[in-house]
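The first residue in the sequence is number 1, and the count goes up from there.
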Amino acid sequence: MKASLDNINFSYKGTQSGALKNLTMEAHQGECILLTGPSGCGKTTITRILNGLIPSFYKGDMTGRALLDNMPIADMKSYEIAKSMGSVFQNPRTQFFNVDTDSEIAFGLENNGESTEKINKRINEVTRNLKIEKLRGRDIFKLSGGEKQKIAFASVYAMSPDIYLLDEPSSNLDTDGIYELAECLKRVKAEGKTIIIAEHRIYYLMDIVDRVIYMRDGEIRNIYGREDFLKLTKKELNFMGLRISRLSDVDSITEAVSSDVKSESDSGNMLKTLGDYGLKMENLSIIRGKKTLISSLSMEFHPGEIIAITGRNGLGKTTFIRTITGLHKEYSGNIYLNNKQVRSKELCKASYLVMQDVNYQLFAESVREECTLGLKGIDRKRVDEVLDILGLLPFADRHPNTLSGGQKQRLALAVSMISDRRIIALDEPTSGLDYDNMIRTGKIVKKLAEEGKIIIIVTHDNEFIANCCNRVVRLG
């Protein structure tokens, strides 16, 4: 089955972000195509045109033709497209229809009218092939971001479509999860399926991809065969705004970072003398429902430190930073700020958390208004300075919901800078960011640390860790 775009021009209603210009491309049966380029270049827009979300859901002005086996996609019903094409969104939460994992995997099969026996057999096959048996029968709302992405992929894989569309599928996965995703894609390709994948983190695809389409400003700037793409130097890739492309580069970063990793099973050895303003935990145990996620953790975070919190998906990293910023209140043990024992209310006042899904924390009608919402005495000059630093000043009067995923993350980071809280916690701040914006985010984090803030970052991004973090805590 072939998917093609013929001379597509598109712009979203009211904005030029993600616009496409004179774009023509084809994806043939069994081919793996990587769409890559800087944030906002139009990669996600291409996937939305191919799966019919443009123009049925996302409105805008479009000319040109999008075809699926020579049939205009715009003339097809959603269920007709779904029979041949499966999509995994950048934010998997937006594509779930059920509250438990088994029902979500079965959802498409049920809509196709498959028998209960066939559905149960297929669920067993899918979870076994994708190695996600431990995610069976789980509450979707209690999964980590990486676990949600695995379920989103499983729900598409269960349908066995001819074409897979994936938008940043590795963004919330740990290292093991990324390698598992690569194995899944190899399996899908071996079955003769077509894969179109939009990514910034591209190293894990180098054994799978056939062609790389490099985009910038809504245009295709170059198309590389796999061998030609592999010949590009790291300097050339970074100039193009791309992340590390070789497994050996990632392995060397991991090795360098791992030398700083210390096991929390003997965390008492990590304790230092508390400074003038620090965050300290003694015998901290974090509970969620009936489950203890973290047990008897004792450690300190100091002003000026940039600490990475790592560990496999589902360990409780997000719940950990929600606890130390006062949002999660089910815990035992003691937490101290500036040598004073505090509870959740005081932690909230001293902290700002940039969430993994920043859509939960954007409320205002414009980017500039978002930066002052709920804050007193903040002048416009300070707001514009911060927005300029983060490359968001041109979007100051735009509604936050019209920004790309990476731009929304930087907006939340801008609010954290303006809020002037002592503790800044970031949950996967580089998911969906290209190389330039990853470096930009690192510079901002370093600047905040120089101002004496305590910076705590949950991340699986080894490149980002190597760029700006000076201590790594691996939970496990």
Side-chain angles (χ1 to χ4, degrees), residues 39 90-91 143-149 168-179 181 199-204 243-244 249-262 264 293-294 299 301 305-325 351-358 361 390 405-406 408-410 412-413 416 423-449 453-476:
S39 297
Q90 184 174 352
N91 181 357
L143 299 181
S144 71
E147 290 170 332
K148 288 175 182 175
Q149 281 184 309
E168 303 282 354
S170 73
S171 59
N172 295 317
L173 296 179
D174 58 29
T175 302
D176 289 342
I178 291 173
Y179 279 88
L181 173 62
E199 265 284 17
H200 292 120
R201 190 181 295 168
I202 56 182
Y203 67 87
Y204 71 97
R243 307 288 293 272
I244 286 174
D249 293 333
V250 174
D251 289 339
S252 64
I253 285 180
T254 303
E255 184 178 349
V257 171
S258 293
S259 63
D260 292 329
V261 172
K262 294 184 172 59
E264 292 312 307
L293 298 178
I294 294 172
M299 64 180 305
F301 299 143
E305 276 194 307
I306 305 172
I307 305 104
I309 308 294
T310 70
R312 62 176 175 81
N313 291 125
L315 274 177
K317 300 183 299 298
T318 293
T319 309
F320 171 70
I321 61 168
R322 287 175 61 85
T323 301
I324 62 177
T325 54
S351 309
Y352 188 89
L353 171 63
V354 178
M355 297 180 181
Q356 188 171 344
D357 185 352
V358 294
Q361 61 188 121
L390 290 169
K408 288 178 181 178
Q409 285 173 316
R410 280 183 278 145
L413 186 59
S416 75
I423 302 167
I424 307 296
L426 311 172
D427 194 357
E428 298 288 358
T430 59
S431 64
L433 294 189
D434 58 25
Y435 177 80
D436 291 339
N437 283 311
M438 183 272 289
I439 295 296
R440 186 196 298 267
T441 300
K443 288 179 179 178
I444 298 303
V445 166
K446 291 175 185 176
K447 185 176 185 298
L448 289 168
K453 312 292 176 131
I454 300 171
I455 314 294
I456 306 166
I457 304 171
V458 167
T459 183
H460 297 118
D461 189 340
N462 287 330
E463 193 175 7
F464 182 63
I465 291 172
N467 176 259
C468 69
C469 296
N470 48 39
R471 183 150 63 101
V472 181
V473 175
R474 183 165 56 200
L475 300 178

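Ser171 and Gln149 share a side-chain donor-acceptor pair at under 3.5 Å.
At distances below 3.5 Å, not a single donor-acceptor pair connects side-chain atoms of Arg471 with backbone N or O atoms of Glu305. Side chain of Asp434 to backbone of Ser39: a donor-acceptor contact under 3.5 angstrom is found. No side-chain donor-acceptor contact under 3.5 Å links Glu463 to the backbone of Tyr435. For Asn313 (side chain) and Glu147 (main-chain N/O), no donor-acceptor pair under 3.5 Å exists by modelled atom type. Side chain of Lys446 to main chain of Asn467: a donor-acceptor pair is present (N/O by atom type, distance under 3.5 Å, no hydrogens or angles). A donor-acceptor pair under 3.5 Å is formed between the side chain of Gln361 and the backbone N or O of Met355.
Among all heavy-atom pairs drawn from Pro169 and Tyr204, the shortest one is CG-OH, 3.6 Å. Between Ile294 and Gly316, the shortest heavy-atom contact is CD1-O, 4.0 Å. Shown here for Thr441 and Arg410, the closest heavy-atom pair between the two residues is OG1-CG, 4.5 Å. Nearest heavy-atom pair across Ser416 and Ile424 is O-CD1, 3.8 Å. Nearest heavy-atom pair, Cys468 versus Ile306, reported as atom, atom and distance to 0.1 Å: O-CD1, 3.3 Å. Contact detail for Ser170 and Glu199: the closest heavy-atom pair is OG-OE2, 2.6 Å.
Here CD of Glu428 is found 12.0 Å from CD1 of Ile309. Values are rounded to the nearest 0.5 Å. Separating the CD1 atom in Ile321 from the CG atom in Leu353 is a distance of 5.0 Å, to the nearest 0.5 Å. The CZ atom of Arg440 lies 14.5 Å from the OG1 atom of Thr430; values are rounded to the nearest 0.5 Å. Considering CD1 of Ile423 and OG1 of Thr325, their distance stands at 8.5 Å, rounded to 0.5 Å.
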Any chance you could lay out the side-chain hydrogen bond (donor to acceptor under 3.5 Å, both in side chains) test for Gln356 and Ser144, step after step, and finish with the verdict? CA-CA 10 Å; Gln356 188 171 344; Ser144 71; over 6 Å; no
So Ile324 and Phe301, side chain to side chain contact (heavy atoms under 4.5 Å, CB included) or not? Walk me through it. CA-CA 11 Å; Ile324 62 177; Phe301 299 143; 4.0 Å; yes
In sequence, state the C-alpha distance, the side-chain angles, and the governing distance for His200 and Met438, and then conclude on side chain to side chain contact (heavy atoms under 4.5 Å, CB included). CA-CA 10 Å; His200 292 120; Met438 183 272 289; over 6 Å; no
Taking it one step at a time, do Ser431 and Gln409 satisfy side-chain hydrogen bond (donor to acceptor under 3.5 Å, both in side chains)? CA-CA 9 Å; Ser431 64; Gln409 285 173 316; 3.0 Å; yes
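Leu433 is not listed as a side-chain neighbour of Phe464, based on a closest heavy-atom distance of 4.5 Å or more. Side-chain contact between Arg201 and Ile178: present, with at least one pair of heavy atoms (C-beta onward) separated by less than 4.5 Å. Looking at Thr310 and Ile465, their side chains come closer than 4.5 Å, going by heavy atoms from C-beta outward. In this structure the side chain of Asn462 reaches within 4.5 angstrom of the side chain of Thr175, judged on heavy atoms.
Paired with Leu426 under the rule side-chain contact (heavy atoms from CB on, under 4.5 Å), one option of Leu413, Thr459, Val458 passes, and it is Leu413.
Every residue meeting the side-chain contact (heavy atoms from CB on, under 4.5 Å) condition with Leu315, not counting sequence neighbours, appears here in chain and number order: Arg312, Leu475.
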